[in-house]
Student: 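One structure, pasted below without further comment.
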Protein chains: 2
Amino acid sequence: MPMRSRLRERVAADITLSDEPGKTMRKWREEIGIFQYDLSKEMNVSPSVISDYESGRRPSPGIKTVRRIVDALMRLDELSGGKFSKEYEGVENEGILDIKEFPVGIPADIFVKEIDGVSVAENVPPANNVNGYTILDSLKVITGMSSADYHKIYGWSSQRALIFVGVKFGRSPMVAIRAHPLKPAMVVYVRPERVDPLAVKLAELEKVCLVRTELEVTKLVERLSRL
Amino acid sequence: MPMRSRLRERVAADITLSDEPGKTMRKWREEIGIFQYDLSKEMNVSPSVISDYESGRRPSPGIKTVRRIVDALMRLDELSGGKFSKEYEGVENEGILDIKEFPVGIPADIFVKEIDGVSVAENVPPANNVNGYTILDSLKVITGMSSADYHKIYGWSSQRALIFVGVKFGRSPMVAIRAHPLKPAMVVYVRPERVDPLAVKLAELEKVCLVRTELEVTKLVERLSRL
DNA sequence: GGACATGTTCGTTGATTGCCGATGTGGATT
DNA sequence: AATCCACATCGGCAATCAACGAACATGTCC
């Protein structure tokens with residue numbers, strides 16, 4: 001239900017961090033092109049409430065209020081054809097199949113259980129929390145990504161699971177991880193042919209926990225999306 | 001003073017939009033790796049305050065509070081070597097020299113005055129507000145940018161000023177604008193040799209106001225940064 | 001002038017926040 | 001068992017927010 005668009009986040013951050021949140025709220029309302037009245041009706045409040053915020057009488061609204069406002073703005077934009085939200089979709093990257101952040105961290109063991117995962121490396125301290133995941137086409141990542149783009153894999157949190165599909169033995173992904181300065185909390189191989197002992201050794205060296213799963217990718221995405 | 005990093009915005013949005021802001025706050029504090037105590041000292045409050053938020057007793061903190069927390073987190077990360085904030089800098093794009101959003105919209109006429117601009121096109125309704133600007137190297141934009149990346153120029157608001165440097169007659173930039181579905185509110189040419197009448201005509205057709213300035217780029221950036 | 005449309009200002013009321021300090025807890029360490 | 005450490009819990013008070021509705025201001029279009 002809580003749709004996660006970049007626009008939504010951007011507007012929320014802009015208001016939250018503004019010195020004059022009221023004026024920032026107004027900026028976005030006007031940019032989207034709706035009236036105080038309509039916004040207030042969408043939120044089920046009286047129009048004066050909007051005006052009070054925008055004119056600065058309430059200089060530090062609660063985040064619940066900000067959220068209601070942002071979501072109302074998004075809905076109204078959607079109704080009028082979503083001219084706005086559609087403009088702000090990011091460009092997709094070839095090798096990255098999916099990338100998400102969790103609003104709250106998830107304990108590693110629960111994450112593993114949820115994807116029917118089996119731990120492969122042993123000498124790894126039980127990872128704490130997983131804050132997000134990235135699903136990668138391992139071939140495309142290795143062949144087709146410029147080194148400058150590598151950090152994109154890590155999204156907003158390095159404490160994440162990197163999920164590789166199209167893995168044969170799992171050597172190259174671990175080598176790539178070894179080479180990169182940022183380390184994930186967890187690496188997942190989806191239906192690998194088998195797992196090379198070297199990959200395991202590298203995982204232990206880097207202290208990332210290495211997991212394999214036999215789930216299909218589609219199934220995997222579905223499971224992850226209801227976390 | 002208010003530093004504008006992508007990480008900062010991301011954390012702010014994440015907390016503001018979270019169903020459980022407390023848990024989200026905790027997620028980030030732990031990810032950065034600091035204790036409640038240290039965070040509280042950085043904010044000059046007692047440690048129980050942090051705990052109260054994180055444990056959810058205060059489910060809708062004001063944005064002033066969120067801001068203080070986020071900024072304290074950023075400062076603490078900076079102190080410990082900025083491991084975090086540095087990871088999240090975006091990749092630079094060749095043709096884009098600078099791109100910023102204003103927290104509140106700025107009336108177009110004030111914007112023009114601020115950069116010693118002179119209006120060139122006439123039959124254009126006085127633009128409303130300018131919400132941000134992008135400074136572009138006109139040559140590189142035309143030769144070196146893939147069409148998929150074009151939307152990046154518009155950042156977060158299409159109601160913005162596109163500022164072109166390295167302009168000869170100003171034909172190609174206007175042609176490019178004509179071709180693209182998104183239109184800026186204003187186009188600025190920095191020290192053009194002269195302005196082609198066709199460029200003016202296109203500007204009038206597209207209803208974007210066209211401005212020239214004789215300011216140096218460095219000077220321009222400086223002026224814009226204190227808006 | 002009159003009738004809308006859009007937005008502002010303000011007094012008020014109840015709910016919630018912001019903050020503190022004291023006290024409690026569960027786990028390491030010694 | 002004694003002592004930290006990191007954090008949770010709670011009562012309580014002042015400050016602020018959330019929301020309403022009525023009155024007020026400006027435009028602008030007959």
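By convention in this document, chain letters (A, B, ...) are assigned in the order of the sequence lines, proteins followed by strands, and residues within each chain are numbered from 1.
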Student: Would one find a side-chain N or O of A:Arg58 under 4.0 angstrom from OP1 or OP2 of C:dT17?
Tutor: no
Student: Only counting residues at least two apart or in another chain, list the ones meeting side chain to side chain donor-acceptor pair (under 3.5 Å) with B:Thr65.
Tutor: none
Student: Among residues 49-56 of chain A, which residues get a heavy atom nearer than 4.0 Å to DNA chain C?
Tutor: A:Ser51, A:Asp52, A:Ser55
Student: Going 5' to 3' along DNA chain D, which nucleotides are the first and last within contact of chain A (any atom under 4.0 Å from a heavy atom)?
Tutor: D:dC17 to D:dA22
Student: Can you tell me how far apart CZ (A:Phe111) and CG (A:Leu224) are? Round to the nearest 0.5 Å.
Tutor: 5.0 Å
Student: Going by the rule side chain to side chain donor-acceptor pair (under 3.5 Å), which residues pair with B:Ser48 if we only count those two or more places apart in sequence or in a different chain?
Tutor: B:Ser46
Student: Could you work out, with salt bridge (Lys or Arg N to Asp or Glu O under 4.0 Å) as the rule, every residue matching B:Arg68, not counting sequence neighbours?
Tutor: none
Student: Applying side chain to side chain donor-acceptor pair (under 3.5 Å), name anything that partners B:Tyr133, two or more places apart in sequence or on another chain.
Tutor: B:Asp98
Student: With B:Arg223, which residues qualify under salt bridge (Lys or Arg N to Asp or Glu O under 4.0 Å), at least two apart?
Tutor: B:Asp116
Student: Identify every side-chain donor-acceptor pair in residues 35-44 of chain B under 3.5 Å, counting partners at least two apart or on other chains, and give the distances.
Tutor:
from	atom 1	to	atom 2	distance (Å)
B:Gln36	NE2	B:Glu54	OE1	3.0
B:Ser40	OG	B:Tyr37	O	2.7
B:Glu42	OE2	B:Arg75	NH1	2.4

Student: So, is B:Ser48 close to the C:dC20 phosphate, meaning a side-chain N or O under 4.0 Å from OP1 or OP2?
Tutor: no
Student: Does any non-hydrogen side-chain atom of B:Ile63 lie less than 4.5 Å from one of A:Val66?
Tutor: yes
Student: Would you compute the distance between atom CZ of B:Phe102 and atom NZ of A:Lys23 and round it to the nearest 0.5 angstrom?
Tutor: 14.5 Å
Student: Where along residues 35-43 of chain A does a heavy atom fall under 4.0 Å from DNA chain C?
Tutor: A:Phe35, A:Gln36
Student: With each end axis built from five pairs of C1' atoms, what bend angle do you get for the helix from C:dG1-D:dC30 to C:dT30-D:dA1? Round to 10°.
Tutor: 30°
Student: Could one point to a donor on the side chain of A:Arg57 or the base of C:dG7 with an acceptor on the other under 3.5 Å away?
Tutor: no
Student: Run the salt bridge (Lys or Arg N to Asp or Glu O under 4.0 Å) test against A:Arg212 and tell me which residues pass, sequence neighbours left out.
Tutor: A:Glu214
Student: Can you list the residues that meet the side chain to side chain donor-acceptor pair (under 3.5 Å) rule with A:Glu30, with sequence neighbours excluded?
Tutor: none
Student: Without decimals, in angstroms, what is the distance between B:Lys64 NZ and C:dT17 C1'?
Tutor: 10 Å
Student: Looking across every strand, which nucleic acid part, if any, lies under 4.0 Å from A:Pro47 by heavy atom: base, sugar-phosphate, or nothing?
Tutor: nothing
